[in-house]
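For the numbers below, each heavy atom of this structure counts, side chains included, while hydrogens, waters and symmetry mates do not. As the structure is a computational prediction, the values presented were derived from the model and not from experiment. Counting begins at 1 with the first residue of the sequence.
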Amino acid sequence: MADKTNTDRIKEIYNLCKEHFGDIRFVGIKYHKKIGWIAKAQFDDGFENLTSDGATSTEALRKLRNRVKKIVKRYNAV
């Protein structure tokens, strides 16, 4: 099996957010010269943006995915 690409990770986070939170504007990554890589999920309905950062783009996306999963887990536990 081929290794996961950042595109695959972004699609996974997008689908996870869409499934649990509804309307999502975008999921993406960008590089900030002082912080490093930033992964961001932005929602349409006024829900706060979710962000995470990392030394690499892959690390930032993994942290964002884990953050989304943690929120979903907490939400389902209530």
> Distance from Lys69 atom NZ to Ile13 atom CD1, nearest 0.5 Å?
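Going from NZ on Lys69 over to CD1 on Ile13, the span is 9.5 Å.
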> Could you tell me the separation between the CG atom of Asn66 and the CG atom of Leu61, rounded to the nearest 0.5 Å?
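That separation rounds to 11.0 Å.
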> Report the residue from Ile24, Val68, Leu64 that forms a side chain to side chain contact (heavy atoms under 4.5 Å, CB included) with Leu16.
Val68
> Ignoring hydrogens and geometry, is there a side-chain-to-backbone donor-acceptor pair from Asp8 to Lys4 under 3.5 Å?
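Looks like no, no N/O pair under 3.5 Å.
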> Which heavy-atom pair separates Phe43 from Glu48 by the least distance, and what is that distance?
CD1-O, 3.4 Å
> How many angstroms lie between CG in Asn15 and CD1 in Ile10, if you round to the nearest 0.5 Å?
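Between Asn15 CG and Ile10 CD1, I get 12.0 Å after rounding to 0.5 Å.
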> In Å, rounded to the nearest 0.5 Å, how long is the span from CD of Gln42 to CG of Leu50?
10.5 Å
> Can you check whether Thr51's main-chain N or O pairs, donor with acceptor, with Arg67's side chain at less than 3.5 Å?
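Yes: the side chain of Arg67 pairs with the backbone of Thr51.
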> Mind checking the OH-OG1 spacing from Tyr14 to Thr7? Nearest 0.5 Å is all I need.
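Spacing of OH (Tyr14) from OG1 (Thr7) equals 15.0 Å.
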> How far does CZ of Arg9 sit from CZ of Arg62, to the nearest 0.5 angstrom?
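Output value for this atom pair is 4.5 Å.
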> If we ignore hydrogens and angles and just use 3.5 Å, is the side chain of Lys40 paired with the main-chain N or O of Val27 as donor and acceptor?
no
> Transitively linked via ILVMFWY side-chain contacts under 4.5 Å: Ile29 with Tyr31?
yes
> Where is the tightest heavy-atom contact between Asp53 and Ala60, given as atom of each residue plus distance?
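Looking at all heavy atoms of both residues, the closest pair is C-CB, 4.0 Å.
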